[in-house]
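Everything below concerns the one structure shown next.
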Amino acid sequence: MKIYSFLFLLLPISLFAQKNYDVVVYGATPAGITAAIQVAKMGKTVALLEPSKHLGGIMTSGLGGTDVDNHQEYQNSPGVGGLALEFYRRIAAAYGNSAEFEAMLKNRTKKTMLWRFEPHVGEEVVKKWVSEHPIAIFYGSRLSERKNAVPKTGAQIQQIQLENGQIYRARVFIDATLEGDLLHAAGVKTAIGREANAVYNETKNGIRAVTEHAQFLVKVDPYKTPGDPKSGVVPTVQDEPLGTPGAGDNRLQAYCFRMCLTKNPENRIPFRQPAGYDRSQYELYLRYEKAGGKLYAPKADIPNGKTDLGAWHDLSHNLYGMNVAYPGGNYQTRQRVFDQHKTFTQGLFYFLANDPEVSERTRMIWREWGLCKDEFTDNDGWPREFYVRDARRMVSDYVITEHDVRRNNPRPVADPVAVAFWPPDLHSIRRIVKDGFASNEGSVFGEIDWRPFGISYRALVPKTAECTNLLTASCPSSSHLAYGAIRIEFTFMAMGQACGTAAVLAIDAKQTVQSVPYKALQERLLADHQLIDAGKTEPATK
């Protein structure tokens with residue numbers, strides 16, 4: 001009998017999993033983690049479906065130099081509360097820094113490393129946190145691409161079907177993916193790309209006449225034969241006109257990998273030449289140096305001398321214009337885009353560290369660094385995900401726009417459920433030719449007199465006619481410009497907590513998610529230490 005009991009424990013949980021839950025959360029991103037935890041804390045059954053084999057999304061795939069307390073010109077840590085703050089408390093505890101963290105919270109006036117973490121530590125914290133609650137977790141659970149994978153009766157989802165054939169039923173569903181696949185499959189209206197300024201009467205959306213942030217610091221010839229436009233452009237430059245300033249298009253800010261690197265020889269994996277390496281892809285980098293430019297380089301900015309190497313420079317591993325097919329593409333298309341980014345980035349690091357035409361100074365710097373043996377151990381030290389900064393965004397009755405973000409004359413928010421405390425932050429979208437030189441187009445960082453703002457509950461629920469038992473904690477109804485101020489991991493966690501709370505209240509009252517009384521939602525969020533009043537956070541400064 002004991003032997004049979006032991007074998008039972010070894011069998012996959014999916015063989016015995018309950019198919020009916022109060023709430024099903026699709027996507028174990030930071031938003032999905034907190035949504036599931038909140039539902040469980042409120043006493044409802046919840047399933048957390050994750051397409052990959054790991055929890056935490058980009059937050060455990062390299063984004064450890066978190067955007068809390070990340071810039072000297074403003075302090076945004078007062079915008080972190082509720083379950084998001086609990087996560088960072090647990091991070092501090094994992095490093096033995098609990099006392100320092102609590103002391104810091106009493107006087108949040110200086111930059112500190114206490115918010116930052118290594119990817120494997122972040123994943124360990126998330127796994128332990130989730131394990132403390134009765135949450136049924138199913139890995140390898142990707143939504144089926146069949147047309148009838150999300151059947152509805154009227155405007156209510158009945159069930160969702162996965163690629164593996166599993167069917168999950170729930171009273172309320174939460175889409176916590178960055179791609180918004182459940183929203184899309186449920187027939188909820190979504191947007192991809194940047195809207196024209198005229199759509200929401202904005203000023204910084206759409207095609208940018210002038211892009212100053214992260215613009216080329218030196219003039220680089222973009223043509224295959226220097227000076228000859230007829231020869232075509234070198235790789236990473238798009239051969240297309242600027243277009244009409246302020247007009248919309250289907251483009252999105254660039255994606256990249258957040259790279260965890262080390263200089264520790266005992267933990268370092270040297271950069272290797274990847275399969276499919278094409279040296280010609282990096283011609284622009286050589287020309288950049290020859291024009292007098294100083295190429296970017298890693299620096300330690302998370303614990304234990306590691307990096308969270310992003311791509312916020314004028315020339316880096318951001319691949320402008322190369323993610324267009326990803327947001328609305330099928331799984332095969334997305335994998336192709338992912339693989340293209342991975343091969344390019346692996347090749348770039350190898351190139352910078354080894355190519356004889358790269359300056360000796362640059363090669364010496366990059367040769368000191370490498371992947372970490374103790375990170376992403378099942379993936380040769382390489383991040384399992386890349387940074388999908390923007391994909392689908394829901395379009396609901398309330399759309400968060402530039403008018404919510406700006407300091408002067410902001411639109412009042414009657415039903416805030418979380419606080420966004422970050423400037424509009426959009427990486428460039430294209431690299432084109434302007435005045436005969438390579439030019440990055442589309443970046444916005446700050447640029448308007450911004451402020452922290454409350455996220456409206458109405459931006460987390462679809463239009464009633466489209467779906468009445470679905471919320472999104474990661475693809476809120478927002479313009480391209482405004483989403484740039486929302487797309488921060490602690491904000492996703494706050495929206496996840498809000499969606500989890502609202503889902504339970506809707507179930508208890510037997511109401512649609514649109515009918516949840518705001519007063520009841522507000523009271524529960526405040527009781528759980530969620531920050532919902534932007535006026536109680538420290539004001540942003542330019």
Side-chain angles (χ1 to χ4, degrees), residues 12-29 31-40 44-53 55 57 130 134-190 327-332 334 388 391-394 396 460-476 495-496 499-500 502-504 506-507 512-514:
I13 189 172
S14 60
L15 294 179
F16 307 96
Q18 179 184 353
K19 299 297 192 305
N20 295 280
Y21 296 86
D22 291 316
V23 179
V24 165
V25 180
Y26 183 54
T29 60
I33 296 295
T34 54
I37 288 174
Q38 184 65 20
V39 171
K44 293 293 186 282
T45 60
V46 56
L48 180 58
L49 311 183
E50 168 52 34
S52 76
K53 298 178 181 179
L55 302 177
V130 171
I135 300 170
I137 303 172
F138 300 94
Y139 298 97
S141 297
R142 192 162 67 172
L143 190 65
S144 171
E145 291 186 304
R146 295 173 55 186
K147 288 186 177 180
N148 60 347
V150 184
K152 294 190 296 184
T153 299
Q156 186 173 14
I157 298 173
Q158 297 302 307
Q159 62 188 38
I160 64 174
Q161 183 173 352
L162 306 183
E163 276 187 323
N164 60 17
Q166 294 279 28
I167 292 175
Y168 291 86
R169 300 179 180 89
R171 298 162 76 180
V172 175
F173 295 84
I174 297 174
D175 189 335
T177 66
L178 295 174
E179 294 82 4
D181 287 339
L182 182 52
L183 291 172
H184 178 69
V188 172
K189 184 178 180 181
T190 58
N330 59 25
Y331 298 143
Q332 183 178 9
R334 290 179 183 170
V388 177
R392 289 190 180 101
R393 304 182 304 278
M394 184 170 66
S396 191
L460 307 184
V461 297
K463 295 179 180 180
T464 303
E466 292 178 347
C467 195
T468 57
N469 64 335
L470 174 64
L471 304 102
T472 180
S474 47
C475 304
M495 292 191 294
C499 285
V504 174
I507 290 170
T512 65
V513 294
Q514 291 85 0

Considering all heavy atoms, the nearest [X]-[Y] contact:
{"X": "T45", "Y": "V39", "value": "O-CG1, 4.2 Å"}
{"X": "S474", "Y": "A31", "value": "CB-CB, 4.3 Å"}
{"X": "S144", "Y": "A149", "value": "O-CB, 3.5 Å"}
{"X": "L471", "Y": "A502", "value": "CD2-CB, 4.0 Å"}
{"X": "V46", "Y": "A36", "value": "CG1-O, 3.7 Å"}
{"X": "G27", "Y": "P51", "value": "CA-CD, 4.5 Å"}

Just how far is it from atom [atom1] of [X] to atom [atom2] of [Y], taken to the nearest 0.5 Å?
{"X": "H184", "Y": "C475", "atom1": "NE2", "atom2": "SG", "result": "12.0 Å"}
{"X": "M495", "Y": "T34", "atom1": "CE", "atom2": "OG1", "result": "9.0 Å"}
{"X": "K152", "Y": "N469", "atom1": "NZ", "atom2": "CG", "result": "9.0 Å"}

Using distance only, find each side-chain donor-acceptor pair of residues 172-182 under 3.5 Å and give its atom names and separation, not counting sequence neighbours.
unit_1	atom_1	unit_2	atom_2	d
D175	OD1	T177	N	2.9
D175	OD1	T177	OG1	2.7
D175	OD2	L182	N	3.0
D175	OD2	L183	N	2.9
T177	OG1	G180	N	2.9
E179	OE2	Y326	OH	2.7
D181	OD1	R334	NH1	3.4
D181	OD1	R334	NH2	2.8
D181	OD1	R392	NH1	2.7
D181	OD2	R334	NH1	2.8

Ignoring hydrogens and angles, tell me if any N or O in the side chain of [X] forms a donor-acceptor pair with the backbone of [Y] under 3.5 Å.
{"X": "E50", "Y": "T29", "answer": "no"}
{"X": "E466", "Y": "K189", "answer": "yes"}
{"X": "K19", "Y": "Q166", "answer": "no"}

#### Entry: Ring centroid separation Y168 to F138 under 6.0 Å
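When the ring centroids of Y168 and F138 are compared, they turn out to be within the sub-6.0 Å range.
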
### Query
side chain to side chain contact (heavy atoms under 4.5 Å, CB included) with Q156: which of T512, T468, L470?
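Exactly one option meets the side chain to side chain contact (heavy atoms under 4.5 Å, CB included) with Q156, and it is T468.
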
Quick one, [X] and [Y] - any side-chain contact, counting heavy atoms below 4.5 Å?
{"X": "V25", "Y": "I135", "result": "no"}
{"X": "L143", "Y": "Y331", "result": "yes"}
{"X": "L48", "Y": "I33", "result": "yes"}
{"X": "V513", "Y": "L460", "result": "no"}

Please name all residues satisfying side chain to side chain donor-acceptor pair (under 3.5 Å) with [X], sequence neighbours left out, ordered by chain then number.
{"X": "Q158", "answer": "T153"}
{"X": "Q159", "answer": "R169"}
{"X": "T464", "answer": "none"}

### Query
Excluding sequence neighbours, so at least two apart, what forms salt bridge (Lys or Arg N to Asp or Glu O under 4.0 Å) with R142?
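R142 satisfies salt bridge (Lys or Arg N to Asp or Glu O under 4.0 Å) with E163 once adjacent residues are dropped.
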
### Query
Among all residues two or more places apart in sequence or in another chain, which pass the salt bridge (Lys or Arg N to Asp or Glu O under 4.0 Å) test with K463?
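Residues passing salt bridge (Lys or Arg N to Asp or Glu O under 4.0 Å) with K463: none at all.
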
